[in-house]
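Single-structure report; data block below.
Below, all heavy atoms of this structure are taken into account, side chains as well, without hydrogens, waters or symmetry copies. Predicted, not measured: the structure shown is a model, and the values here were computed from it.
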Amino acid sequence: MKILEVNQLKTGYDPEVDVLRGLSFSIEEEECVAMVGANGAGKSTLMKTISGILKPKSGEIFYRGQRIDGMLPHEIVNLGIVQVPEEGGTFPNLTIEENLMISCRRKKAKMERQKNLELVYQSFPQLLAKKGQLAGSLSGGQRKMLSIGKAIMESPEMLLLDDISMGLAPKVVEDLYRMLKDLTLKMDIPVLIVEQIVEIALDFAQRGYVMTQGEIVLEGSSAALLDTEAVQKIYIGT
Amino acid sequence: MNLKKWVVSGVIAFILYMLFLRLTDAGFIANFIAYISLFVIAGQGWNLLGGYIGEISFGHAVFFGIGAYTVGLPVGYKLDINLLLLVLLGALMAGIFALIISYPLLRVQGFPFLVGTYGLGVVIRSIVVVTPALFATRGIFISTYSKNFTYPLIIGFAIAVVIFVQWLVNQDLGLRFKAVRDVPTAARMIGINIYKTKASAFVIGAMLTGLAGGLFALYGGFVNPSACFGDNTSIFILLGPYIGGIGSVLGALFGSTIVIILQEVARSVITVNGGHYLMVGALLVVVMMLSKEGIYPGIVKLVKKIKNAYQKRQGE
Amino acid sequence: MEYTGLIQTILGGVGVGSVYALLGLAFALVFGKLKICSYMHGDLAILAAYLGYFIFTSIGLDPFLSLIVLIPIFFFIGYYIQVIFMKPFMSMEIWQGRYQAQIMVTWGLGMCIMAIEFIIWSGTYRMISVPYRNATLNFSNLTVPVVHLLSLGALLLIYLVLSLVLQKTDLGISFRACSVDRITAMLTGINYQKICAISFGISSAIAVVAGTFYALTHQITPAVGLELTFKGWVAVIIGGMGSLGGVILAGLLVGLVESLTSFFWIPALKEAVLFVGLLLLLIFRPGGLFKAK
Amino acid sequence: MAILEVRDLKKSFGGLEVFAGVNISIEKDQIYGIIGTNGAGKTTLFNIICGVLRADQGSVLFNGEDISKKPTHKIAELGIGRCFQTVMPFKSMTPLENVRVARATAGKKNKEREKFSIDEIMEITNLTDKMHIKTQELSLPDKKNVEIARALACNPEIILFDEVSCGLSGEEIYSRMELMKKLSKMGITVVVVEHIMLFIKEICDQVSVLHSGKVICSGTPQEVARDAGVIEAYLGGKSNENIGS
């Protein structure tokens, strides 16, 4: 069964300019899919559109058969689609504990609050040590952990990860992805991952799509994509 | 350049008004048109700052009042100075005052600026009201020219001001105004001194508003604090361009006209003192909800849309 | 004698200032945190004052008792003003777009409210002549009006309750979350628009309290609304754009400046002195006197 | 002598350190590339050079003169032009007016450096037939062109390009590359911030790699591409085949 299905999606910030130019793809049950492409290809725009931050100009998005385009962001979160955004993601003026607690909006999440909290602290012990401090005092990598932790607190049924590596040192990124891999294995949910470092993304996912100019130009299994010259070319730009 | 069109239509409008004046013997309507023209001049001055720079001023009555009092005060002190000269001097005085006051005011932007200009209005009004040397609340009577001279004078100035503003906003200086409004950061990066640019819009606008004030003194033959420095004056100077279409010369022109007419209509419909604000407020809310940029740009957009839809249908 | 007069003036100033502080608090709540700009709270306050007056004169209900009805009513009025009139502008860029549009819309609404008051109650000055209006407490040779003490108490109470709600409750935490990062808040599953509407409702409810106290210390006329709005905003600017504590101090300061001017100089110049002070502040400390953290 | 030099630049936002002592020296008439992953602080660097942001420490020298304390519009008059990553043309004006206003301000102050007339600028940026349409109605590549045209109209000695390729297709990127080469031949120094390696490799004479607050490597594109640190930072330490192609 298709978990997420995107059909001929068009989105843009300006009335005249489309960033996504009729994009279609789908995600199957318990699958981890990577979306790669150069800056400005529209990856983050896609994420924002799925989460309801941006209204699509045309096209459809289905989640488990239910049409979700046009729904408000919090309604989409209530369905279980949770995003870890590229920027922000945490509230620097709240403590870490508050940050995590405020993320239990869904009924299911409220019931599993204690279990989820343990899982987060277990996966990211650094957060436990600082739980009373303001999130603004965290380092970049810890903030990303908190951001992921917030997503987990929501008891997600589908996870969208937008450029986790942005602005982080390679070592931190590596650690982060190792932890994520453990986590997703534990939670057993479909993941859509956007990443500018192609190799990491394709390593993490089973299947991938390549985007340029708001369109999908290539798709295939991660291994196959990694081998193709085309991916490298497209990613590099010309 | 389509400035020619503006000049030609201006001249035609002036001739029409003169004909009208001859035929109807300067009745109520001729009077009313002159009254509207005063607010058109003041509104164009406001629009230079509010529309082309994007800083909303709630205290333009200050400059209006300075213009009016520059005409009134010498008369009050029985000095024999040519009134027309005083009108021009009034515009100059308003400009100078704006130059001085721009120093504190333009250091802030957005709504502290708005509150600051409102405060400026309160300060100046209070000072005039309590100072006997400025004739306090009594006001000053001015033995002015006949209607047959002042009305065409006001209309002439109004037309000249509209054409002047239209010309100005297409000069380098006017382009600089728009640049500062559109993207301040980018404007700085092409070498625009933001403070100077804002100050020049402020000063030129204040001069135009001061001019309107001076003409108002000639028009009414009477100046007093509540008519010249009152909140009401500020409000109607502001509302015209804002409702009509902020940052567009024609929009401000239409807006001032509509607002003043509506105000008069409302006064005759709702006779309770102060009740006419109901219609003014409602108009403001309706315009903002329907077209955020004001009536004129809204209509232009609508016409474009209809045209496009029509052409599409034609094409099919 | 002169000395007690001065103390008396200061107390009076603080008492009047608490009304401005309440209005400033109402503005700071929605402006400082959620970037919603309103120019109608002064008119809302006066409307509440008139309603209190109306209830008092028609059925003799004490204005404090009528607050029990008025506060929820105004909460809903505020809630729906945000939903109907302010929401369309929430996605625009801050100044130029959102603030300007919101200022104009709320100002237009405020104008309508004022006009309706003019039509119903006319422009004559009214006052709510409750028996305790002129009651005072005496400490040696100082006389303190009871109403001033009450308004100061109400101010502190509202501030404490607000801070408590902001610190402890889910609503408060969501509110703080929305105030720093609205996109992240949405992605966290917080209904941003609802939080905005609730906050606007709360701030309208605070305006009701301000209006009631204003009516108990002053005579009311519809035109005062805009003036009150501006004084509330002056408190916000002096207070440093949105720190709640700063706004309260600034509001009290505004009242103090006014009453001291009346005491030492000409009462007609009290507002002029206030705004000259504001202009000086803009020169030397554009960020406000009590800067937000 | 270096035309633009950044010395020991330090900057942090709140607790977040963006630059921990950055040194960059750009020679005249070069095309200089600055690369780094997203969030490495490339745009912040440009903002500091242009005076939009102030550095916590360190200095920026332009033709030997310290400009780190100067207001932005003075820096523009000295001859530093800039194009933004998120396009910011003056949207209510036509392209021609955008160029005119730039020529009338910064361009006026350094007339002796004028290399193109307004007509020529419109031509090399492909805007001649669109110059009377309001900029907000143009497409993204055209808006980028308007920015380039506007920067050129300031008669700059040096132009900073921030992520020109962002949101453009291959062919459009190629035409930008050609334009940059042309500008550098005309004696205008070009600084490009990019994260697409190939773009940099094709046109740049010198490259600096910005990573976690420091310049981790400087040199010709070929040298940089072989640098182990760069490969690790850029590709997560797996291989260097992506750079090679």
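Atom CD of D:E123 has 12 or fewer neighbouring heavy atoms from other residues, nucleotides or ligands inside a 6.0 Å radius. Heavy-atom contacts from other residues, nucleotides or ligands closer than 6.0 Å to CE of D:M131 number more than 12.
A 4.5 Å side-chain heavy-atom check between B:T185 and D:V52 finds at least one atom pair inside the cut-off.
In plain terms, the two heavy atoms of D:R150 and B:A186 that are nearest each other are NH2-CB, 3.4 Å.
Interface remark: of the candidates D:E77, D:M88, D:E147, D:M88 forms the most heavy-atom pairs closer than 4.5 Å to chain B.
Inspection of non-hydrogen atoms places D:P89, D:F90, D:K91, D:S92, D:M93, D:E97 of residues 89-98 of chain D under 4.5 Å from chain B. Of residues 189-197 of chain B, those residues with a non-hydrogen atom less than 4.5 Å from any non-hydrogen atom of chain D are, in numerical order, B:M189, B:I190, B:G191, B:I192, B:N193.
Of the two parts of D:L78, neither the backbone nor the side chain holds a non-hydrogen atom closer than 4.5 Å to a non-hydrogen atom of chain B.
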